[in-house]
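Every chain is numbered from 1 and lettered A, B, ... according to where its sequence line falls, protein lines coming before strand lines.
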There are 2 protein chains.
Amino acid sequence: MQITRTEEYALRGLVFLARQPPEKVTLVSEISKEQKIPEAFLAKIFQRLSKAGLLRSIRGANGGFSLGRPANRITMKEVMEALEGPIGLSRCLVREGECEEEAVCPLHPIWEELQHRFVEVLDGTTVEDLAKRMVRDGRRGRG
Amino acid sequence: MQITRTEEYALRGLVFLARQPPEKVTLVSEISKEQKIPEAFLAKIFQRLSKAGLLRSIRGANGGFSLGRPANRITMKEVMEALEGPIGLSRCLVREGECEEEAVCPLHPIWEELQHRFVEVLDGTTVEDLAKRMVRDGRRGRG
DNA sequence: GATTAAAAAGACCTAATTTGTCCTGTTTAT
DNA sequence: ATAAACAGGACAAATTAGGTCTTTTTAATC
């Protein structure tokens, strides 16, 4: 029940890009240095994000990454799903028939509600939102 | 980002007990058989739940388990926390100072919001609610 | 008191997943 | 050509989840 490091790194990387001049091409090595994320690992993550169209990669000398589309059109949900596949909070929401065969599953509707609320937030939050939060004064999360 | 089997088993076990005559003492072996949960594993889980007061255990011959309090006063949140410790959706909500030292963490407030909504559901749902859902017609989760 | 049934407790094991590294391509600007 | 940069696969290490086993404690019953 925790957000993975992969997801966290991905979001930090995207936020970093969102705060660069648009269309600027940035090196993985630069991001990894600034954000203290293992370079090879971040490279792997970025691969997946660009396959999903969330990043645009430019190969060869002077290559690098930039956002695949404007930061306000990349949602957290897309990021999560690009990395971990469709969101499924519990086994029985993932594998059809996992629990329906046997008896009625009392947990099923709750998992659904939980997941729904979760996705609501993820879907309603863009990389731009995240990038802006960082600027807006030094408000701390919860102290 | 998934509910663990431990949590699922715990809830299924509790729901099972909630559907027994109150104060009836039930064997782990019975629950594990009915619910198809590995017995030794369920026993472990029940240990933790009874330390947390969510179950009452009776040792020795004729022993077993019953709910530690009425099913409508055991929330899913309590169950989750009894098993996995305080809910912390992301590292930086768990370990104080994990992200605050460095720069302002743009993800922090979002993790908080996500977690808040999550806990809202968990806190508002009791074992009784779950048990009742099971009775109430054969409505399927989502098909 | 001995026997037996049951949970408590903790050590232990295994498998899966996450996190990360490394090496060998491939692409492309210079 | 060459060097810079991403692409992709194989592999390694660390962590966590899931599960088993053994011993100890407790209580009822013979």
Side-chain angles (χ1 to χ4, degrees), chain A residues 1-13 17 24-33 35-68 80 82-85 88-91 94-95, chain B residues 1-13 17 24-33 35-68 80 82-85 87-91 94-95 98:
Chain A
M1 262 333 292
Q2 268 202 201
I3 277 101
T4 66
R5 223 161 273 218
T6 299
E7 290 162 333
E8 186 199 314
Y9 290 165
L11 291 168
R12 297 212 336 246
L17 286 175
K24 184 195 163 188
V25 171
T26 308
L27 301 183
V28 170
S29 57
E30 182 187 345
I31 303 173
S32 89
K33 203 172 295 172
Q35 292 286 311
K36 288 174 194 142
I37 299 169
E39 182 173 336
F41 192 32
L42 184 59
K44 273 272 137 72
I45 294 170
F46 269 24
Q47 266 179 44
R48 284 191 268 166
L49 295 178
S50 53
K51 262 201 229 165
L54 306 183
L55 284 178
R56 191 165 54 100
S57 80
I58 295 170
R59 295 175 71 159
N62 299 334
F65 288 92
S66 54
L67 294 182
M80 305 291 226
L83 296 170
E84 322 270 3
L89 223 52
S90 86
R91 266 186 313 154
V94 176
R95 302 185 19 84
Chain B
M1 258 337 293
Q2 267 202 207
I3 278 102
T4 66
R5 223 160 274 219
T6 300
E7 290 163 334
E8 186 197 315
Y9 290 165
L11 290 168
R12 294 203 350 236
L17 287 175
K24 185 197 164 189
V25 170
T26 308
L27 300 184
V28 169
S29 57
E30 183 186 346
I31 302 173
S32 88
K33 202 172 295 172
Q35 293 286 311
K36 290 175 192 140
I37 299 170
E39 181 172 338
F41 192 31
L42 185 60
K44 271 278 170 258
I45 294 169
F46 270 24
Q47 265 180 43
R48 286 192 267 166
L49 295 177
S50 56
K51 262 201 230 166
L54 305 183
L55 286 178
R56 192 164 53 101
S57 78
I58 294 168
R59 294 172 72 155
N62 300 334
F65 289 91
S66 54
L67 294 182
M80 304 291 225
L83 296 170
E84 321 271 2
I87 292 172
L89 224 51
S90 86
R91 266 188 312 154
V94 176
R95 304 185 17 84
E98 177 89 18

Choose from [options] the nucleotide whose nearest atom is closest to any side-chain atom of [X].
{"X": "N62(B)", "options": "dA8(C), dT29(D), dG20(C)", "result": "dT29(D)"}
{"X": "T4(B)", "options": "dA17(D), dT21(C), dA9(C)", "result": "dA17(D)"}
{"X": "A61(B)", "options": "dG18(D), dC6(D), dA27(D)", "result": "dA27(D)"}
{"X": "F41(A)", "options": "dA4(D), dA7(D), dG20(C)", "result": "dG20(C)"}
{"X": "Q47(A)", "options": "dT24(D), dG20(C), dA7(D)", "result": "dA7(D)"}
{"X": "S57(A)", "options": "dT20(D), dG20(C), dC6(D)", "result": "dC6(D)"}

How many Å lie between [atom1] on [X] and [atom2] on [N], as a whole number?
{"X": "R48(A)", "N": "dG20(C)", "atom1": "CZ", "atom2": "P", "answer": "12 Å"}
{"X": "L42(A)", "N": "dT19(C)", "atom1": "CG", "atom2": "P", "answer": "14 Å"}
{"X": "L83(B)", "N": "dT16(D)", "atom1": "CG", "atom2": "C1'", "answer": "15 Å"}
{"X": "L27(A)", "N": "dA5(D)", "atom1": "CG", "atom2": "P", "answer": "5 Å"}
{"X": "E84(B)", "N": "dA17(D)", "atom1": "CD", "atom2": "P", "answer": "6 Å"}
{"X": "R91(B)", "N": "dA14(D)", "atom1": "CZ", "atom2": "P", "answer": "17 Å"}
{"X": "E39(B)", "N": "dA8(C)", "atom1": "CD", "atom2": "P", "answer": "13 Å"}
{"X": "L49(B)", "N": "dA7(C)", "atom1": "CG", "atom2": "C1'", "answer": "14 Å"}

Residue pair S90(A) / E8(B), side-chain donor-acceptor N/O under 3.5 Å = no
Spacing of CZ belonging to F65(B) relative to CG belonging to L42(B), to within rounding of 0.5 Å =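 The CG atom of L42(B) is 8.0 Å from CZ of F65(B), to the nearest 0.5 Å.
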Taken to the nearest 0.5 Å, the spacing of I45(B) CD1 from I31(B) CD1 works out to 11.0 Å
Hey, does the side-chain of R59(B) have a donor or acceptor N/O within less than 3.5 Å of a partner on the base of dT25(D)?
-> yes
Heavy-atom donor-acceptor pair, K44(B) side-chain to dG10(C) base, under 3.5 Å = yes
Would you indicate, yes or no, if dT19(C) has its OP1 or OP2 atom less than 4.0 angstrom from a side-chain nitrogen or oxygen of Y9(A)?
->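 Looking at the OP1 and OP2 atoms of dT19(C), neither is under 4.0 Å from any side-chain N or O of Y9(A).
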Compare side-chain N and O positions of T6(B) against OP1 and OP2 of dG18(D) and report whether any pair is under 4.0 Å apart.
-> yes
Reckon [X] touches a base, only the sugar-phosphate, or nothing at all at heavy-atom distances under 4.0 Å?
{"X": "G63(A)", "answer": "sugar-phosphate"}
{"X": "S29(B)", "answer": "nothing"}
{"X": "F46(A)", "answer": "nothing"}

Check M80(A), R48(A), K44(A) against T6(A) for a side chain to side chain contact (heavy atoms under 4.5 Å, CB included) and give me the one that passes.
->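 Exactly one pass, corresponding to R48(A).
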Taking everything shown except K24(B) itself, do over 12 heavy atoms lie less than 6.0 Å from its NZ?
->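 Yes, the 6.0 Å shell around NZ holds more than 12 heavy atoms from other groups.
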Evaluate the criterion side chain to side chain contact (heavy atoms under 4.5 Å, CB included) for residue pair L54(A) and L67(A); output intermediate values, then yes/no.
-> CA-CA 6 Å; L54(A) 306 183; L67(A) 294 182; over 6 Å; no
